[in-house]
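Beneath this line is the structure, given in structure tokens, with notes to follow.
Please read these numbers as outputs of a predicted model, since none were measured by experiment. Computed from heavy atoms alone, side chains included, the values below leave out hydrogens, waters and symmetry copies. Here is the naming used below: chain letters follow the sequence lines, and residue numbers restart at 1 for every chain.
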Amino acid sequence: MPHLFAIMRARVLAALADDLPGLAPELLARVEVTPTREAAHGDMATNAAMVTAKPAGRKPQDIATALVARLKDDPDIAEASVAGPGFVNLRLVESTWRAEIPAILTAAESYGDGNVGQGIRVNVEYVSANPTGPMHIGHCRGAVVGDALANLMAKAGFDVTKEYYINDAGNQVLALAWAAYWRYLQAIGTPLTEDEYAQLVPGGLQYRGDYLVPVGEALKARHGDSLAAPGGHVGPPEAWLDIVRDTTLDLMMASIREDLELLGVRQAVFSSERALVAAGAADTTIEQLRAKNLIYEGILEPPKGKTPEDWEPREQTLFRATKFGDDVDRPLRKSDGSNTYFANDIAYHADKVRRGAQIMIDIWGADHGGYVSRMKSAVKALGDGTATAPTLDIVLCQIVHVLKDGEPVRMSKRAGTFITLRDLLDEVGRDAVRFTMLTRKSDAQMEFDIAAAVAQTRENPVFYVQYAHARCRSVLRAASEMLGPEATAPAALAGVNLETLSHEAELALIRRLASWPRVVESAAIAREPHRIAFFLYDLAGDFHMLWNRGRDDAALRFLQPEQRADTLARVALVAATATVIRSGLAVMGVTPVEEMR
RNA sequence: GGACCCGUAGCUCAGCUGGAUAGAGCGCUGCCCUCCGAAGGCAGAGGCCGAUGGUUCGAAUCCAUUCGGGUCCGCCA
């Protein structure tokens, strides 16, 4: 069902068509009906007259006046007027606003579900941390933003798949296997020192973290000392490398999945890069692009201003990314003929398309910013150039600086001071982590102050929103005792007379509740889940204000023992508020609380 | 040298894809609990939206130039 703003927009368009038939659809698409910023301007405003004035060859005020004349007869519109340069301001009759309350109570948390998505298949890929260690704070923002965005898109009517791409191919996985083998040798009691072992490792020993100790133990438990040469020495890699690598990857991914679970993130699909490589997907994709004449052998210019020391011209297999808006053509095969990571990545996106994705959304860290245009051009190249071709959106999450006791927490794997996701969750809790990560738009850098995230004050939006919900629930519990559970069940409340809800603070709250579906819609289209957090904060503010009025004047409290009808109407409003808060928190993946402790 | 992101109140940030007099929290000033809904609320001060040009009915928002801060820059992943 279309929401109130969409309904009114349709009526504005109908009124407009009466006056000015045959306007171009592109023009009509620019007509919007939005909430007004100033209460003095009414409830909603439309720019219809201003965007159509020039093509229609008439003054905006004239068109607006004609619109007003037609809209005045609408039973839902109490007042329509021309304002400023040609706005049409609308004030709806109060009962139309109030009618949203039963709509909310009937729909429950599905209130706000929309259909702008039209069932389009969207693949949201996020986290995709390399399986070389536990998740750390650097992964956290992308995980939360991706998960909330996926929920948001689903709520807006898209058919969403949540996905994780496992980077389990390439050299870093071999380095991981060697590091795990080191822990294995320790587990079986090798006489080798760390330095002696490091000498034997191609590329040196990386990944020295403790988290591989259990992996070494697991390898010992499964294989005894059979993976090592006699005496606890390094055996020939052919004899152990595959086994150690596979076991280590499994255990690392299991650990990452536990971290994700703790964060409340559940992805439906885990795609393996190694599986794609084994299937020859990159080669297939390169041939596909070659058939479109987008592949050639060539030599790239060195980057200007910062030529690497060891730079020398080399012939590589290049993709004509510049044809699709990238700055330079990009290598798909190295000079030695092997495929680049980029080639695998194109193959991976082609695979998502093959599995049905119409819109792909990748959530990346800011350090991959330089990668955006080449990936987008690759996806364009894979498509047929039509409007229905699969698209790729990339949401970049800027860096998060973690503050503890006012001091920045330095992240350094080498120094062993990096905070794991688990540490953060232990300290702050899942709900506060998720909410706080969504209180900035993702392309702005953010400071995450651990103390602020757990503070129980208004400056902490997590607390403020949770507190509003807890207060709602507290009222509802008391109402249930006072009036009986039957009378205060949502279905019963949906049928009560709401005409006594006429105070400005009550109507303001109702208007806020009614704007929720529109927020879902616009945030989904903009791919900006942080808007949900800000909406909830504003909503909580409206509710706290109303609550506070009851504190100043007992006659304005929600529960009035002597006035059953008034009380039921107010309880219905409170129940609707709690419902919308839950609906919003569900998108964010945050648990609503029943009471503050 | 180039690409991308950010620049809005003293501080931390919103600003719904070009709309009306630019908003919130913190901090600051002044109010609101002998008891009942104060981990909260009300009111006030505080702005050249980094700068300069441009586009048009209209710009914090779009374009160009420029100044600060950040990320990144053949074959690593």
Both conditions, 6.0 Å and 45 degrees, for the charged tip of A:R518 above the ring of A:F5: are they met here?
yes
In terms of heavy-atom contacts, A:A533 and A:L438 come closest through CB-O, 3.3 Å
So, with a heavy-atom separation below 4.0 Å from RNA chain B, the residues of residues 367-378 of chain A are A:D367, A:H368, A:Y371
So salt bridge (Lys or Arg N to Asp or Glu O under 4.0 Å) across residues 331-342 of chain A, not counting sequence neighbours, yields A:D283-A:R333
Can you pull every protein N or O that's under 3.5 Å from an N or O on nucleotides 27-37 of chain B?
unit_1	atom_1	unit_2	atom_2	d
B:G37	OP1	A:R557	NH1	2.7
B:G37	OP1	A:R557	NH2	3.4
B:G37	O6	A:F558	N	3.3
B:G37	N2	A:W547	O	2.0
B:G37	N2	A:W547	NE1	3.4
B:G37	N3	A:W547	NE1	2.9

Whichever of A:E528 and A:N130 has the more 5' nearest nucleotide on RNA chain B, that residue is A:E528
Whole-Å distance, A:Q398 CD to B:C72 P, equals 10 Å
Hey, is CD on A:E481 packed in by over 12 heavy atoms from elsewhere, all under 6.0 Å? no
The correct set of residues in residues 460-468 of chain A placing a heavy atom under 4.0 Å from RNA chain B is A:F463, A:Y464, A:Y467
inquiry  = Side chains of A:S272 and A:D168 only: does a donor on one sit below 3.5 Å from an acceptor on the other?
reply    = yes
Checking N1-N3 plus N6-O4 or O6-N4 for Watson-Crick, or N1-O2 and O6-N3 for wobble, each under 3.5 Å, the partner of B:U34 is none
Note: A:L152 and A:P529 closest approach over all heavy atoms is CD2-CA, 3.9 Å
Can any side-chain N or O of A:H3 pair as donor or acceptor with the backbone N or O of A:E521 at less than 3.5 Å?
no
Residue set satisfying ring pair (Phe, Tyr, Trp, His ring centres under 6.0 Å) with A:H41, at least two apart, ordered chain then number -> none
Sorted by number, residues from residues 320-334 of chain A placing a heavy atom under 4.0 Å from RNA chain B are A:D327, A:P331, A:K334
From CZ of A:F535 across to P of B:A14 the rounded distance in Å is 18 Å
By ring pair (Phe, Tyr, Trp, His ring centres under 6.0 Å), A:H469 pairs with (sequence neighbours left out) none
Between NE2 of A:H401 and C1' of B:C6 the distance, given in whole Å, is 12 Å
For residues 464-477 of chain A, the salt bridge (Lys or Arg N to Asp or Glu O under 4.0 Å) pairs (sequence neighbours left out) are A:R473-A:E594, A:R477-A:E594
So what does A:I399 hit on the nucleic acid, given a heavy-atom distance under 4.0 Å: a base, only sugar-phosphate, or nothing?
sugar-phosphate
**Asked** Do the non-hydrogen side-chain atoms of A:Y164 and A:E125 ever get within less than 4.5 Å of each other?
**Response** no
Per the under-4.0 Å heavy-atom filter, residues of residues 169-177 of chain A near RNA chain B come out as A:A169, A:G170, A:N171, A:Q172
So side chain to side chain donor-acceptor pair (under 3.5 Å) across residues 433-443 of chain A, not counting sequence neighbours, yields A:D147-A:R434
Write out a two-atom table: protein N or O, nucleotide N or O from nucleotides 57-62 of chain B, distance below 3.5 Å.
unit_1	atom_1	unit_2	atom_2	d
B:C57	OP1	A:K54	NZ	2.5

From CD of A:Q445 across to C1' of B:C72 the rounded distance in Å is 13 Å
Exercise. Do A:N339 and A:I286 have side chains that get closer than 4.5 Å, going by heavy atoms?
Worked result: yes
**Asked** Quick one: is A:K441 getting a side-chain N or O under 4.0 Å of the B:C13 phosphate, OP1 or OP2?
**Response** no
(message) Is it the case that the side chains of A:D362 and A:H368 hold a donor-acceptor pair, with the cut-off being a distance below 3.5 Å and no angle test?
(response) no
How is A:P60 classified with respect to the nucleic acid when contacts are heavy atoms under 4.0 Å: base, sugar-phosphate, or nothing? nothing
Sequence neighbours excluded, the answer for ring pair (Phe, Tyr, Trp, His ring centres under 6.0 Å) partners of A:W364 is A:Y371
Can you see whether A:Y296 engages A:D329 through a side-chain donor-acceptor pair at a distance of less than 3.5 angstrom? yes
When rounded to whole Å, the NE2 to P distance for the pair A:H530 and B:A24 reads 17 Å
For this session: Assess the side chains of A:K323 and A:S377: does a donor N or O sit below 3.5 Å from an acceptor N or O?
Result: no
* Asked: Less than 4.0 Å between a side-chain N and a carboxylate O, is that true for A:R511 and A:E506?
  -> no
5'-most contact on RNA chain B (nearest-nucleotide basis), A:A444 vs A:L300, goes to A:A444
